[in-house]
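Here's the structure, in structure tokens; my notes come after.
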There are 2 protein chains.
Amino acid sequence: MTFNYLSKHRSVLIYGASLAALLFLMKWLEWHFIIVNYAFELYAGFIAVIFTGLGIWLALKLSKPKTTIVTVEKELLISSDTFILNEAALTETGLSRRELEVLQLMAGGLSNQEIAEKLFVSLNTIKTHSSNVFEKLEVQRRTQAVEKAKRLSLIP
Amino acid sequence: MTFNYLSKHRSVLIYGASLAALLFLMKWLEWHFIIVNYAFELYAGFIAVIFTGLGIWLALKLSKPKTTIVTVEKELLISSDTFILNEAALTETGLSRRELEVLQLMAGGLSNQEIAEKLFVSLNTIKTHSSNVFEKLEVQRRTQAVEKAKRLSLIP
DNA sequence: TTCAAAATCACCCTAAAGTATGAGGGTTTA
DNA sequence: TAAACCCTCATACTTTAGGGTGATTTTGAA
């Protein structure tokens, strides 16, 4: 902002200085070569061209850039695969780390036996865990547990 | 494009005409009031100011608007709840209408007994259907069936 | 160090799920 | 009309899931 204002002022000053300088040049020429009379039109044309250029330069310098804002809407796919665990729901349900782990494998379609093998624990342990999961999620079956867990964003 | 070019041309023509007219005016003034000698600076200043203005006008007329492209990313939720059944996958798996129906209820977390009651058929019928579903989806358990069905967009 | 969860495992029992086979009745299609 | 599905149901059997109880060991925080 401040820079813009300064540059604006400088441009005007430079323009004024140029005008003054040219007039002095004219005066000087008038006294040294008496050609004012028979070449007035030439001088006028010369000044006209010069100051037209100056005007153009001034205008370009001072004019605010005409900005055409083109709004391009860009589609952003959300949610699709950006999974963020719902910490709030997790703490509210009171699911432990291990229980969440079992729940995830459950959602993957694994049987309790397969989960047990994957986690290197006994089948009974998984049964205990899954029972706890059902209780904490307030459901009766694993399919319901998976469905609810997905709704709560506990699993992708 | 063509309009722009024409307008450009017209501006240049107007500028040239103005210049010529001013020179003629000068000439006329020179002949009618012999004030050329003692007011040369005044004339020069006059011409300078006039053509500065002309230059500014020209520049503003000719300068192309600077186009700034602003990309605005607009979040668009897609898919989230716009479910479209994957007909291709449906025909490929060879699932019948009833089997798909059972699959949907299965995904809702219903037990076979509940599905049977909802569809007013016997538990055995649902067992048969679900067995067929598992076979056609090439899975062993209902949780796997639900998972695969969702992947194939057979169910929301 | 102590105490409370959390994790582990074992039994027992019931319920639900899944497999296999057969069979009757309905619709569609070559 | 026969073949090919589809829907229905039954019976019998096996497997898996789930509920209940109790116990031991780990672990993390006060």
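Residue numbers start from 1 in every chain, and the chains themselves are labelled A, B, ... in the order their sequence lines are given, proteins ahead of strands.
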Suppose we screen for side-chain hydrogen bond (donor to acceptor under 3.5 Å, both in side chains). Which residues come up paired with [X], at least two apart in sequence or across chains?
| X | value |
| --- | --- |
| B:Gln104 | none |
| B:Glu101 | B:Arg98 |
| B:Thr125 | B:Ser122 |

Which residue pairs pass the salt bridge (Lys or Arg N to Asp or Glu O under 4.0 Å) test when at least one of the two sits in residues 118-131 of chain A, sequence neighbours left out?
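Salt bridge (Lys or Arg N to Asp or Glu O under 4.0 Å) check on residues 118-131 of chain A returns no pairs.
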According to a hydrophobic-cluster definition based on side-chain heavy atoms being under 4.5 Å apart (Ile, Leu, Val, Met, Phe, Trp, Tyr only), do B:Phe134 and B:Leu95 belong together?
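Looking at the clustering, B:Leu95 is in the same group as B:Phe134.
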When hydrophobic residues are tied together by side-chain contacts of less than 4.5 Å, even through go-betweens, does B:Leu90 share a cluster with B:Val139?
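Same cluster.
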I need the full list of side chain to side chain donor-acceptor pair (under 3.5 Å) pairs touching residues 129-139 of chain A, with sequence neighbours left out, sorted by first then second residue.
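Output for this query lists A:Glu99-A:Lys136.
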Pairs of donor and acceptor atoms involving the side chains of residues 105-113 of chain B, under 3.5 Å and at least two apart or interchain, shall be tabulated with distances.
residue  : atom : partner  : partner atom : Å
B:Ser111 : OG   : B:Glu114 : N            : 3.2
B:Asn112 : OD1  : B:Arg142 : NH2          : 2.2
B:Gln113 : NE2  : B:Glu117 : OE2          : 3.3

Less than 3.5 Å apart, which donor and acceptor atoms pair up between the side chains of residues 146-156 of chain A and the rest of the protein, not counting sequence neighbours?
residue  : atom : partner  : partner atom : Å
A:Glu147 : OE1  : A:Arg151 : NH1          : 2.9
A:Glu147 : OE2  : A:Arg151 : NH1          : 3.4
A:Lys148 : NZ   : A:Leu137 : O            : 3.2

Go through B:Val133 and B:Leu100 one step at a time and tell me if the side chain to side chain contact (heavy atoms under 4.5 Å, CB included) criterion holds.
CA-CA 8 Å; B:Val133 168; B:Leu100 181 61; over 6 Å; no
Residues from residues 139-156 of chain A sitting under 4.0 Å of DNA chain D, heavy atoms only?
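Result for residues 139-156 of chain A: A:Gln140, A:Arg141, A:Arg142, sorted by number.
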When we call it a touch if two heavy atoms are under 4.0 Å apart, what does B:Ser111 touch: a base, just sugar-phosphate, or nothing?
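It contacts sugar-phosphate atoms only.
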Would you tabulate the nitrogen or oxygen pairs shorter than 3.5 Å linking the protein to nucleotides 5-10 of chain D?
residue : atom : partner  : partner atom : Å
D:dC7   : OP1  : B:Arg98  : N            : 3.0
D:dC7   : OP2  : B:Ser96  : OG           : 2.2
D:dT8   : OP1  : B:Arg98  : NE           : 3.1
D:dT8   : OP1  : B:Arg98  : NH2          : 2.8
D:dT8   : OP2  : B:Arg98  : NE           : 2.8
D:dT8   : OP2  : B:His129 : NE2          : 2.9
D:dC9   : OP2  : B:Ser122 : N            : 2.8
D:dC9   : OP2  : B:Thr125 : OG1          : 2.9
D:dC9   : O5'  : B:Thr125 : OG1          : 3.4
D:dC9   : N4   : B:Thr128 : OG1          : 3.2

Below 4.0 Å from chain B heavy atoms, what is the first contacting nucleotide of DNA chain C and what is the last?
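First and last nucleotides in contact are C:dA17 to C:dT19.
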Using C1' atoms of five pairs at each end, report the bend of the helix from C:dT1-D:dA30 to C:dA30-D:dT1 rounded to 10 degrees.
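Comparing the first five pairs with the last five, the axes sit 60° apart.
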Distance, nearest 0.5 Å, that separates CD of B:Gln140 from OG1 of B:Thr143:
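Nearest 0.5 Å value for the CD-OG1 distance: 10.0 Å.
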Compare side-chain N and O positions of A:Asn112 against OP1 and OP2 of D:dT16 and report whether any pair is under 4.0 Å apart.
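False: A:Asn112 side-chain N/O out of range (4.0 Å or more) of D:dT16 OP1/OP2.
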